[in-house]
Amino acid sequence: MSELLVSGGQVLRPDHSVERTDVLLDQDSGEIIDIGDLSGDDELDAAGGLVIPGLVNAHTHVAMTLLRGYADDKQLDAWLQEDIWPAEAELTAEDVRAGAELGLVEMIKSGTTALNDMYFFMSEVADAVEAAGMRARLGYGAITIGNDDEAAREEMRDSLAFAREYDGAADGRIRTAFMPHSLTTVGEEYYREFVPEAREAGVPIHLHANETTDEVDPIVDEHGQRPLAYAADLGLLESEDYLAHGVHLDDGEIDLLAERGAGVVHCPASNMKLASGMAPIQDLLDAGVAVGLGTDGAASNNDLDMFDEMRDAAMLGKLAAGDASAVDAYSVVEMATRGSAEILGFDSGRIEPGANADLAVIDLDAPHLTPAHDLVSHLAYAARGSDVRHTVCDGQVLMRDREVTVFDEQAVRERASERAQSLVGRAD
Ligand SMILES: N[C@@H](CCSC[C@H]1O[C@@H](n2cnc3c(=O)[nH]cnc32)[C@H](O)[C@@H]1O)C(=O)O
Ligand SMILES: [Zn+2]
């Protein structure tokens with residue numbers, strides 16, 4: 001049995017207390033074996049650092065790193081239709097592979113060990129995730145509007161086929177979901193036909209919902225009900241399902257989510273950048289809804305750093321509630337770790353024996369993390385992705401002393417830059 005000892009650090013425990021202790025990982029099973037004063041074959045030096053659960057980015061489009069900075073400062077609708085979708089129409093499998101690797105390197109360098117991804121050419125994303133040693137819930141994003149019936153059904157079938165084929169790939173580090181893009185970009189008849197098939201396949205369903213008022217009003221007009229009531233009517237919002245955004249929710253929809261146990265992935269930076277609105281996160285937490293955190297794609301963020309996201313979630317949550325005590329440091333750290341992990345169905349996000357050995361070590365030796373009154377506060381408000389010293393997933397070291405071990409970082413960056421340049425050249 002090969003073991004790895006994360007030694008000499010302080011450790012963030014599930015109750016958010018911080019303890020000076022070691023963490024022993026089983027590299028074969030990929031689980032945490034024990035916490036205490038321990039010894040192991042191989043050591044990862046955490047002295048002067050804080051060991052935290054690996055961060056979980058529960059909603060992104062990872063290959064959109066290629067479009068980072070390509071189109072900014074626009075509303076969602078215009079941004080997608082005028083800039084993003086035309087560029088994405090030119091994407092090749094090789095582009096997606098290069099963009100995904102870039103995004104995964106960025107995530108590893110900022111302490112993220114697991115993600116949810118919805119995009120195109122998902123077998124490329126799956127291969128990149130496997131090579132990265134990360135954990136992911138993946139799905140092909142299906143859109144039916146603008147397609148004839150045959151093409152629309154093909155999209156839905158593609159999403160199901162991917163979900164069926166890749167579930168359990170990479171020794172179980174990859175799980176899948178059926179991913180219709182949103183309630184307005186996939187027609188009702190396609191939900192009616194394919195949701196039962198997804199249930200039969202035993203995969204959860206993930207989609208964008210209630211992101212902007214443009215996604216709410218047409219549904220109210222056409223169906224005479226709020227979007228999430230419509231979603232429930234379509235057979236969505238089972239307890240394993242999760243939606244991205246949930247910005248414009250009324251009280252009835254919040255209660256519905258709580259009753260059904262479906263999760264919400266909050267993407268505060270994207271919601272601010274696209275001026276989509278302020279999600280009622282404290283209300284969701286108070287109602288007992290499962291809330292996770294995601295960056296969304298790099299074209300609407302513009303980075304994949306979950307430390308930024310925690311800070312944004314806290315700031316925006318307070319503004320939305322008109323209450324500085326809302327969405328506190330504890331809540332955002334919980335959202336970025338166990339909250340997101342539970343939504344994705346991974347036993348990660350907590351440093352405890354038996355849980356997945358997914359963690360990051362934060363260097364506390366920095367002016368912006370001094371003094372150390374409250375390390376949970378630092379995680380939420382002051383730490384940055386660049387403070388991460390080591391990243392470990394499934395017991396394997398993905399980054400040691402800021403050196404990514406799973407990819408040649410320089411080569412990944414060069415390949416992605418070249419691909420991105422050629423892509424936007426074709427799209428313009
Ligand atoms: N098969 C689909 C692709 C869907 S992938 C998921 C899509 O979500 C898009 N996307 C990224 N961010 C957002 C967002 O915030 N809201 C809605 N869509 C987004 C992304 O650009 C991508 O086109 C097609 O034929 O277009
Ligand atoms: Zn999205």
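Both backbone and side-chain heavy atoms feed into the values below; hydrogens, waters and symmetry mates do not. In each ligand, atom 1 is the first atom listed, and ligand 1 is the first ligand listed.
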task = Everything protein-side that's N, O or S and under 2.8 Å from the Zn ion (ligand 2): list it, residue and atom.
result = His59 NE2, His61 NE2, His208 NE2, Asp296 OD1
ask   = So, are Arg153 and Asp158 salt-bridged, with charged N and O less than 4.0 Å apart?
value = no
ask   = Can Ser325 and Asp323 be counted as having a side-chain donor-acceptor contact under 3.5 angstrom?
value = yes
Identify each donor-acceptor pair in which a side-chain atom of residues 254-263 lies under 3.5 Å from a protein atom, sequence neighbours left out, and give them as a table.
residue: Arg260; atom: NE; partner: Leu237; partner atom: O; Å: 2.9
residue: Arg260; atom: NH2; partner: Leu236; partner atom: O; Å: 3.1
residue: Arg260; atom: NH2; partner: Glu238; partner atom: OE2; Å: 3.4

ask   = So which protein heavy atom does atom 24 (C) of ligand 1 come closest to, and at what separation?
value = Phe120 CE2, 3.4 Å
task = Under 4.0 Å from a heavy atom of Met118: give me the atoms of ligand 1 that qualify, with their elements.
result = 6 (C)
key: Shortest protein heavy-atom distance from atom 7 (C) of ligand 1, along with the residue and atom involved   = His181 CD2, 3.5 Å
query = side-chain contact (heavy atoms from CB on, under 4.5 Å) with His245: which of Asn271, Leu274, Leu207, Asn210?
reply = Asn271
ask   = Near Asp251 CG, under 6.0 Å, is it more than 12 heavy atoms from other residues, nucleotides or ligands?
value = no
Distance-only donor-acceptor check, side chains Ser422 and Arg426, under 3.5 Å = yes
key: Numbered atoms of ligand 1 (with element) below 4.0 Å of Glu211, judged on heavy atoms   = 14 (C), 15 (O), 16 (N), 17 (C)
task = Check each of Lys273, Glu88, His61 against atom 21 (O) of ligand 1 and report the one with the nearest heavy atom.
result = Glu88
inquiry  = Students should be able to answer this: which protein heavy-atom is nearest to atom 2 (C) of ligand 1, and at what distance?
reply    = Gly141 O, 2.9 Å
inquiry  = Any donor-acceptor pair under 3.5 Å linking the side-chain atoms of Asp387 with those of His368?
reply    = yes
query = At a 4.0 Å threshold, what atoms of ligand 1 neighbour a non-hydrogen atom of Met64?
reply = 11 (C), 20 (C), 21 (O)
task = Check whether any N or O atom of Tyr140, backbone or side chain, sits under 3.5 Å from an N or O atom of ligand 1, and answer yes or no.
result = yes
request  = Give the residue and atom name of whichever protein heavy atom lies nearest to atom 5 (S) of ligand 1, and the separation in Å to one decimal.
outcome  = Tyr119 CA, 3.8 Å
inquiry  = Strictly below 4.0 Å, N to O, side chains only: are Arg384 and Asp305 in salt-bridge contact?
reply    = no
request  = Indicate whether any N or O donor in one side chain lies under 3.5 Å from an N or O acceptor in the other, for Glu222 and Tyr230.
outcome  = no
Salt bridge (Lys or Arg N to Asp or Glu O under 4.0 Å) partners for Asp286, two or more places apart = none
note = For Leu76, the ligand 1 atoms with a heavy-atom partner under 4.0 Å come out as 14 (C), 15 (O), 16 (N)
remark   = Sequence neighbours excluded, the answer for salt bridge (Lys or Arg N to Asp or Glu O under 4.0 Å) partners of Glu352 is Arg350
task = Give me the one residue out of Arg137, Glu240, His59 that meets side chain to side chain donor-acceptor pair (under 3.5 Å) with His206.
result = His59
query = Do Tyr140 and Glu155 have a side chain donor and acceptor closer than 3.5 Å?
reply = yes
ask   = What do you reckon, does Met179 put a non-hydrogen atom under 4.0 Å from ligand 1?
value = no
remark   = Atoms of ligand 1 under 4.0 Å from any heavy atom of Trp85, numbered from 1 in the order shown, are 23 (O)
ask   = For ligand 1, which atoms, with element, lie under 4.0 Å from some heavy atom of Ile84?
value = 21 (O)
ask   = Among all protein non-hydrogen atoms, which one is nearest to atom 26 (O) of ligand 1, and what is the separation to 0.1 Å?
value = Ile143 CD1, 3.3 Å
